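Just so it is clear, the model here is predicted, and its values are computed rather than measured. Position 1 is the first residue of the sequence; numbering continues from there.
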Amino acid sequence: MDFELRRAREKLDKEQKERKDKARLKLERERKAKREATQQRDAIEAVQRSRRLDAAEAQLKADQQMQENLLAGRGIVFFRILEGVPYQGNGDKIKLPPSCFTELSDQGVFDKGPMYFQLSVVHQEGPLDMKAAEKENQGTTHSGVLEFTADEGSVGLPPHVWSNLFPTDTPKAPLIEVRYVWLPKGTYAKLQPDGIGFSDIPNHKAVLETILRQHATLSQDDMLTVNHGELSYKLRVLELKPSSSVSVLETDIEVDIVGPDSASERTNQHVLKPLTFGRSEFGMVEEGNYMYYKFSIDSDIWGIIASGDARVEVKIEPDTDGGDTDLYISRHPLLFPTRHQHEWSSHDVGSKALILSSKDKSLGAGTYSIGVYGFKGTTKYQVSVSVQDNSNAKVGQRAMSSSSSMEMDTVECRNCKHYIPSRTIALHEAYCSRHNVICQHADCGVVLRVEEAKNHLHCEKCGQAFQQGEMEKHMKVFHEPLHCPCGVILEKEQMVQHQASLCPLRLVTCRFCGDMVQAGSSAMDVRDRLRGLSEHESICGSRTAPCASCGRSVMLKEMDIHHIAVHQKN
């Protein structure tokens, strides 16, 4: 009986324990589910709170951007993301699609004066390691607008804008953000050439002014390309006032041009090395290449030369055997004389010298360029410029004339045709007939030693006399046909005259803008042709400028007539 009661009690205790364990597990599950639900609710609330904060921040940024756009555009809000497409043109004016015209017109932009736009590169998705480099090499610039004829979804970019947005590599389909902005008128600009040689351009500030007339804006750190004839220079915009981006339309800007950074000097473009009178410079030139130098004749030196008391001597002495050079000299604005374009030249074999005296009509006070051309092989040389005194030569000439006046009794030698004193004529003729011969070429008559006669030759084309070793060079330099870019084929002498006065592709200095431009054909206007204006000068001179005396706007090409007719200024 006791055994059964004990068994029943154990069974009851076991059942109670199981019920307690089940209740405890159920309670734990409920607590865990409640805890997980609380955590999930907290996470949802955190995400919602973050989204609300992000939305509020985005709205704040949008409001700030709207305010900035309103301030930058003076009440005009316009921006588009367009695909950049290059086109060939001058200056910084872009082409926009017609839809932009409609949007801008609806906001009354065309009543607010010139339009300016900020252009920024949109950095597209790509490798993470490339984004930083792209952002560093692709920047922001500003521009004007040329026309609204671009294809929808694209913006036409001229070379100036393209090179400033993409100074290194260009993406396949670049996206450009175009944003309308207002820019203040510029008052000051500091520019720095990226290489030497820009300051050698005559009237380089006038040339720069001509280039800036093609631009509507300038931005700090932009590279400005200046073309002068066949030469091209790049100038970096270091500083602008009153802001980092300015308008250059209808405003006068004070421009400072600082020297180039020595670390960025280029060697792939010709430069003019200065020469000092009386001091030699060493150099080396390879066949087919040029080395250039410059020297200046100031008013004091020119006064001495003009009086006939001195002359300028340019000399080249080769330091190596086997090589040979040619010497060309020009007066500015022709900066770099060549075989086709120069004013003085020397083609002697070996040492060569050019004498510039007051008898040369082209000589005067100014700056001159020397071109050393490598005619054959690689040549080391010394080049020098000096002012030579003529007083010794004049004294010698006077002494010789006095001596000749004393000898009155002379007889002509039958061999050399020189006049010899009659008392020594017999001995002279006997000696002269054995050792001297006369060149029989027409208009020559040079007396030569017998051993020298075989080396004395005359050119079959021009008749000039040369030594046998000089004839090959003479034929190559003077009688080898030269091709002008305009299509004319001429020999050297005719080619120099052709490119100096006749070639339509020759470079001339515009008397109105100071830039070197192609002469082109004659002016369309008859009056301009009578004034001797080229095609470019006829157009460039049609610009107006205020008269310094009366303030009236007068065309530049009519300014001299205006001064004479209205102000009686001669």
Side-chain angles (χ1 to χ4, degrees), residues 193 195-210 226-233 235 255 257-260 265-266 269-281 283 285 290-307 310-316 326-346 352-373 381-388 496 499-501 506-517:
I196 60 178
F198 177 74
S199 59
D200 290 326
I201 299 177
N203 301 322
H204 56 274
K205 287 198 173 184
V207 174
L208 182 60
E209 179 183 350
T210 301
V226 177
N227 295 315
H228 184 68
E230 297 178 351
L231 305 176
S232 178
Y233 300 93
L235 291 83
V255 178
I257 300 177
V258 300
E265 291 181 1
R266 297 173 296 172
Q269 182 160 297
H270 294 314
V271 295
L272 296 173
K273 300 179 181 179
L275 285 179
T276 304
F277 283 102
R279 180 180 299 176
S280 299
E281 290 288 338
V285 62
Y290 289 90
M291 292 295 291
Y292 287 105
Y293 303 86
K294 67 177 179 179
F295 67 94
S296 297
I297 299 177
D298 57 25
S299 56
D300 295 336
I301 296 178
W302 172 241
I304 300 174
I305 297 173
S307 65
R311 64 189 187 276
V312 175
E313 182 182 50
V314 181
K315 183 183 292 186
I316 291 182
D326 288 335
L327 174 62
Y328 300 100
I329 300 179
S330 67
R331 185 177 181 181
H332 291 190
L334 180 57
L335 296 178
F336 301 106
T338 63
R339 294 189 299 165
H340 295 181
Q341 292 182 312
H342 58 267
E343 296 184 56
W344 300 275
S345 64
S346 175
K352 50 187 64 67
L354 276 174
I355 304 297
L356 309 180
S357 65
S358 57
K359 297 180 180 179
D360 296 313
K361 296 182 179 180
S362 301
L363 192 67
T367 305
Y368 295 79
S369 295
I370 299 174
V372 181
Y373 175 70
Y381 59 86
Q382 298 181 47
V383 59
S384 62
V385 180
S386 59
V387 179
Q388 302 291 334
V496 171
Q499 292 203 351
S501 58
R506 72 186 187 277
L507 298 177
V508 296
T509 302
C510 176
R511 67 190 73 179
F512 302 114
C513 67
D515 198 3
M516 286 197 73
V517 296

**OP:** Assess whether side chain to side chain contact (heavy atoms under 4.5 Å, CB included) is satisfied between L275 and V314, documenting all intermediate values.
**Re:** CA-CA 11 Å; L275 285 179; V314 181; over 6 Å; no
How far does [atom1] of [X] sit from [atom2] of [Y], to the nearest 0.5 angstrom?
X: E281; Y: I370; atom1: CD; atom2: CD1; value: 10.5 Å
X: I355; Y: D360; atom1: CD1; atom2: CG; value: 10.0 Å
X: S346; Y: D326; atom1: OG; atom2: CG; value: 8.0 Å
X: L363; Y: L356; atom1: CG; atom2: CG; value: 5.5 Å

Verify, without hydrogens or angle tests, whether [X] (side chain) and [Y] (backbone) share a donor-acceptor contact under 3.5 angstrom.
X: E313; Y: A353; answer: no
X: Y292; Y: P337; answer: yes
X: S280; Y: S384; answer: no

Original post:
Are any non-hydrogen side-chain atoms of I257 and P193 less than 4.5 angstrom apart?
Top reply: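 With C-beta onward as the side chain, the pair touches.
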Under 30°, 30 to 60°, or over 60°: which ring-plane class applies to [X] and [Y], parallel, tilted or perpendicular?
X: Y293; Y: Y381; answer: perpendicular
X: H342; Y: Y328; answer: tilted
X: Y368; Y: F295; answer: parallel

Which heavy atom of [X] sits nearest to which heavy atom of [Y], and what is that distance?
X: S369; Y: L334; answer: OG-O, 4.1 Å
X: W344; Y: S362; answer: CZ2-CB, 3.8 Å
X: S345; Y: L354; answer: O-CD2, 3.4 Å
X: E343; Y: R331; answer: OE2-N, 3.0 Å
X: S358; Y: A306; answer: CB-CA, 3.9 Å

**OP:** Mind jotting down which residue pairs meet the salt bridge (charged side-chain N to carboxylate O under 4.0 Å, His left out) criterion with at least one end in residues 291-301? Sequence neighbours excluded, please.
**Re:** D200-K294
Original post:
Is a side-chain donor-acceptor pair under 3.5 Å present for Q388 with S386?
Top reply: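 Q388 and S386 do have a side-chain donor-acceptor pair below 3.5 Å.
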Original post:
When you look at H332 and L272, which way does the side chain to side chain contact (heavy atoms under 4.5 Å, CB included) test go after all the steps?
Top reply: CA-CA 12 Å; H332 291 190; L272 296 173; 3.9 Å; yes
